[in-house]
K.L.:
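Dropping a structure here in structure tokens format, bear with me for questions.
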Amino acid sequence: MARIVLGMAVPHSGMLGKAAESLLEDGERDRKNPQLWFRNRSWTFPELAAARTSEGLDKYLTLEERRARMARCGQALETLRRVYLEHQPDVAVILGKDQKEIFIDTSPSLAIYMGDTIHNGPPQRAVYAPDKPVTYPAHPELALHLIKSFQDAGFDMTEVLKWPDNVWMKPQGQVVPHAYGFIYHQIMRDDVVPNVPIIMNTFYPPNQPSMRRSIQFGKTLFEAIKAWDSDKKVALIASGGLSHFVWDEQLDQQFLQYFREYDFEGLAQIDNNSYQSGTSEVKLYVPVMVASSQLGFKMNLVDYVPVIRTEAGTGEGFGFMYWSDR
């Protein structure tokens, strides 16, 4: 039977591909965003900056502080690469989301890629792809087994046989969404094992899976992989999280506590308004955690690094973590 040997959660922000000197450039986008989610509601940038004045967030914006934090992120990613190589998985299941890159006029709640190959490369940004076109192997056999298992468990999955064109690319083409490209390029270093991308619409109302639904999904995924008639070693990798596009350390610390304790009920009790915008990607962690809890894996927090880009605290709380028996 197949054996899950590793769970991993990896932030995939474009900030991780930037030099410390240019980090604040991304803050200009935040200043124009009329819907910044923080503490169960959305804010305009002026509202948020005024509300957080007393926190003294300017200290995080100095060049020295930015350099130190980006160095920590680089070290954490290097650790995750090493851990991935040490476990030598044969197959990966990657949980990510689309951000109106490929699904423009439709937004499936849960989808699974069933094709044979995955494409990456230019014109994708360098943090997500190599500088030349590449083709990675998918795993249609495992994908078919999973979709049948989900169907039997009452999940109606969208079948993706061919990647739609990525409209973020100029020109458009079948470049994989950035949530997956980051894992292939940064963790696997483009030496990609056969893998199954699962796409969860955590980002866009109204058909986001709830946290409770994500937990149920994780249980089904674990049982399906366990029942797969194969001797392969499997890695489960979640791409995204923690709090963003407004950093919320209080919420992130709550998440980390629940992750350590496998407190799924605690995660389900958090107000759904906290699972909006980029913070919604925490739902992708849950299938990894479900499997890890069943296997007796412990959570290893490599580092938690807040990186912000404006005085309003916009930016991200980066959590680099893995689950294994080591």
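Any value given below was found using the heavy atoms of this structure, including those in side chains, with hydrogens, waters and symmetry copies removed.
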K.L.:
Would you say the side chain of Trp323 lies within less than 4.5 Å of the side chain of Leu236, judging by non-hydrogen atoms?
P.N.:
no
K.L.:
Verify whether one side chain among Asn207 and Asn201 offers a donor that lies under 3.5 Å from an acceptor in the other.
P.N.:
yes
K.L.:
Run Glu28 and Arg309 through side-chain contact (heavy atoms from CB on, under 4.5 Å) and show every step you take.
P.N.:
CA-CA 9 Å; Glu28 295 309 305; Arg309 56 202 186 202; over 6 Å; no
K.L.:
Got more than 12 heavy atoms from elsewhere within 6.0 Å of CZ, Arg3?
P.N.:
no
K.L.:
Can you find a side-chain donor-acceptor pair between Arg260 and Gln257 that sits under 3.5 Å?
P.N.:
no
K.L.:
So do Lys97 and Phe203 actually touch side chain to side chain, heavy atoms under 4.5 Å?
P.N.:
yes
K.L.:
Mark yes or no for whether His12, through its side chain, and Ser239, through its backbone, hold a donor-acceptor pair below 3.5 Å.
P.N.:
yes
K.L.:
Do the ring planes of Phe217 and Phe150 sit parallel (below 30°), tilted (30 to 60°) or perpendicular (above 60°)?
P.N.:
parallel
K.L.:
For a quick check under 3.5 Å, do Asp30 and Thr310 share a side-chain donor-acceptor pair by atom type?
P.N.:
no
K.L.:
Considering all heavy atoms of both residues, which atom of Arg66 and which atom of Glu21 are nearest to each other, and what is their separation?
P.N.:
NH1-O, 3.7 Å
K.L.:
Between the side chain of Thr106 and the main-chain N/O of Phe103, is any donor-acceptor distance below 3.5 Å?
P.N.:
no
K.L.:
Anything under 30° is parallel, anything over 60° is perpendicular, the rest tilted; go ahead and classify His139 against Trp228.
P.N.:
perpendicular
K.L.:
Check whether Arg52 reaches the backbone of Ala312 with its side chain - one donor and one acceptor, N or O, closer than 3.5 Å.
P.N.:
yes
K.L.:
Quick check: are there more than 12 heavy atoms from other residues, nucleotides or ligands sitting under 6.0 Å from CG of Asp229?
P.N.:
no
K.L.:
Hey, does Thr158 have a side-chain heavy atom less than 4.5 Å from the side chain of Leu110?
P.N.:
no
K.L.:
Please determine, by modelled atom types, if Asp248 and Ser243 share a side-chain donor-acceptor pair under 3.5 angstrom.
P.N.:
no
K.L.:
side-chain contact (heavy atoms from CB on, under 4.5 Å), that's the test. Do Met200 and Ser214 meet it? Break it down for me.
P.N.:
CA-CA 9 Å; Met200 297 176 66; Ser214 301; 3.6 Å; yes
K.L.:
Taking the side chain as C-beta and beyond, is there a heavy-atom pair between Lys219 and Glu223 under 4.5 Å?
P.N.:
no
K.L.:
State whether Glu64 and Lys59 are salt-bridged, where the test is any N-O pair (Lys NZ or Arg NE/NH1/NH2 against Asp/Glu carboxylate O) under 4.0 Å.
P.N.:
no
K.L.:
Is a donor on one side and an acceptor on the other found under 3.5 Å between the side chain of Ser277 and the backbone of Thr279?
P.N.:
no
K.L.:
Would you indicate whether the side-chain heavy atoms of Leu242 and Leu251 approach each other to under 4.5 Å?
P.N.:
no
K.L.:
With a 3.5 Å distance limit and no angle check, can you tell me whether Asp252 reaches the backbone of Gln250 through a side-chain donor-acceptor pair?
P.N.:
no
K.L.:
Between His178 and Gln124, is any side-chain donor less than 3.5 angstrom from a side-chain acceptor?
P.N.:
no
K.L.:
Provide the closest heavy-atom pair for Leu146 versus Ala224 in the form atom of the first, atom of the second, distance.
P.N.:
CD2-CB, 3.7 Å
K.L.:
Keeping the roles fixed (side chain from Ser274, backbone from Ile270), state whether a donor-acceptor pair exists under 3.5 Å.
P.N.:
no
K.L.:
Please determine, by modelled atom types, if Asp190 and His185 share a side-chain donor-acceptor pair under 3.5 angstrom.
P.N.:
yes
K.L.:
Taking the side chain as every heavy atom from C-beta outward, state whether Ile112 and Val196 have any pair of such atoms under 4.5 Å apart.
P.N.:
yes
K.L.:
To check you understand the geometry: which heavy-atom pair defines the closest contact between Ile225 and Ala2, and what is its length?
P.N.:
O-CB, 3.4 Å
K.L.:
Would you verify whether the NZ or CZ of Arg41 falls within 45 degrees of the ring axis of Trp37 while also being under 6.0 Å from that six-membered ring's centre?
P.N.:
no
K.L.:
Going by an N to O cut-off under 4.0 Å, is there a salt bridge joining Lys18 and Asp26?
P.N.:
yes
K.L.:
Verify whether one side chain among Gln276 and Gln208 offers a donor that lies under 3.5 Å from an acceptor in the other.
P.N.:
yes
K.L.:
Among the clusters formed by ILVMFWY side chains lying less than 4.5 Å apart, do Ile198 and Val286 turn up in the same one?
P.N.:
yes
K.L.:
Between Glu86 and Arg82, is there a salt bridge with N-O shorter than 4.0 Å?
P.N.:
yes
K.L.:
Might you work through the side-chain contact (heavy atoms from CB on, under 4.5 Å) test for Leu144 and Met114, ending with a clear yes or no?
P.N.:
CA-CA 7 Å; Leu144 180 61; Met114 305 285 291; 4.1 Å; yes
K.L.:
Kindly give the heavy-atom pair with the smallest separation between Ala291 and Ile4, and that separation in Å.
P.N.:
CB-CD1, 4.0 Å
K.L.:
Phe259 and ring-ring contact (aromatic ring centres under 6.0 Å, His included): which single residue from Tyr322, Tyr285, Tyr304, Phe264 fits?
P.N.:
Tyr285
K.L.:
Could you check whether any side-chain N or O of Gln35 sits under 3.5 Å from a backbone N or O of Trp43, counting only pairs where one atom can act as donor and the other as acceptor?
P.N.:
no
K.L.:
Please say whether the positively charged group of Lys100, taken as NZ for Lys or CZ for Arg, lies over the ring of Tyr204, i.e. under 6.0 angstrom from the six-membered ring centre and within 45 degrees of the axis.
P.N.:
yes
K.L.:
Any salt bridge linking Asp303 with Arg72? Criterion: basic side-chain nitrogen under 4.0 Å from a carboxylate oxygen.
P.N.:
yes
K.L.:
Taking it one step at a time, do Val176 and His119 satisfy side-chain contact (heavy atoms from CB on, under 4.5 Å)?
P.N.:
CA-CA 6 Å; Val176 71; His119 302 288; over 6 Å; no
K.L.:
Do the non-hydrogen side-chain atoms of Pro177 and Trp163 ever get within less than 4.5 Å of each other?
P.N.:
yes
K.L.:
Considering all heavy atoms of both residues, which atom of Pro122 and which atom of Val175 are nearest to each other, and what is their separation?
P.N.:
O-CG2, 4.1 Å
K.L.:
Membership question, hydrophobic clusters at under 4.5 Å side-chain separation (ILVMFWY): are Leu95 and Ile147 in the same one?
P.N.:
yes
K.L.:
Counting only N and O atoms by type, is there a donor-acceptor contact under 3.5 Å from the side chain of Ser42 to the main-chain atoms of Phe38?
P.N.:
no
K.L.:
List the steps, then state whether side-chain hydrogen bond (donor to acceptor under 3.5 Å, both in side chains) holds for Asn195 with Tyr184.
P.N.:
CA-CA 10 Å; Asn195 68 98; Tyr184 300 138; 2.7 Å; yes
K.L.:
Donor-acceptor check, side chain of His87 to backbone of Val83, threshold 3.5 angstrom: yes or no?
P.N.:
yes
K.L.:
Should the pair Phe318 and Phe320 be assigned to parallel (<30°), tilted (30 to 60°) or perpendicular (>60°) ring geometry?
P.N.:
tilted
K.L.:
Do Val91 and Tyr180 sit in the same hydrophobic cluster, where Ile, Leu, Val, Met, Phe, Trp and Tyr count as joined when their side-chain heavy atoms come under 4.5 Å apart?
P.N.:
no
K.L.:
Might you work through the side-chain hydrogen bond (donor to acceptor under 3.5 Å, both in side chains) test for Glu316 and Ser13, ending with a clear yes or no?
P.N.:
CA-CA 8 Å; Glu316 305 195 25; Ser13 171; 2.9 Å; yes
K.L.:
Less than 4.5 Å apart, side chain to side chain, heavy atoms only: is that true for Val5 and Gln88?
P.N.:
no
K.L.:
Can we say Arg212 and Glu265 salt-bridge, meaning some charged N sits less than 4.0 Å from an Asp/Glu carboxylate O?
P.N.:
yes
K.L.:
Report yes or no: is the cationic atom of Arg189 (NZ for Lys, CZ for Arg) closer than 6.0 Å to the six-membered ring centre of Tyr84, at no more than 45° off its axis?
P.N.:
no
K.L.:
Test of understanding: clusters of I, L, V, M, F, W, Y form through side-chain heavy atoms closer than 4.5 Å, transitively. Do Met169 and Val134 belong to the same one?
P.N.:
no
K.L.:
Do Met15 and Phe45 sit in one hydrophobic cluster, given that two such residues count as connected whenever their side-chain heavy atoms are within less than 4.5 Å of each other, even indirectly?
P.N.:
no
K.L.:
If you measure from CG on Leu256 to CG on Leu301, what distance do you get to the nearest 0.5 Å?
P.N.:
5.5 Å
K.L.:
Please report the closest heavy-atom contact between His145 and Ser149, naming both atoms and the distance.
P.N.:
O-OG, 2.9 Å
K.L.:
Hey, is the main chain of Tyr136 close enough, under 3.5 Å, to the side chain of Asn120 for a donor-acceptor pair?
P.N.:
no
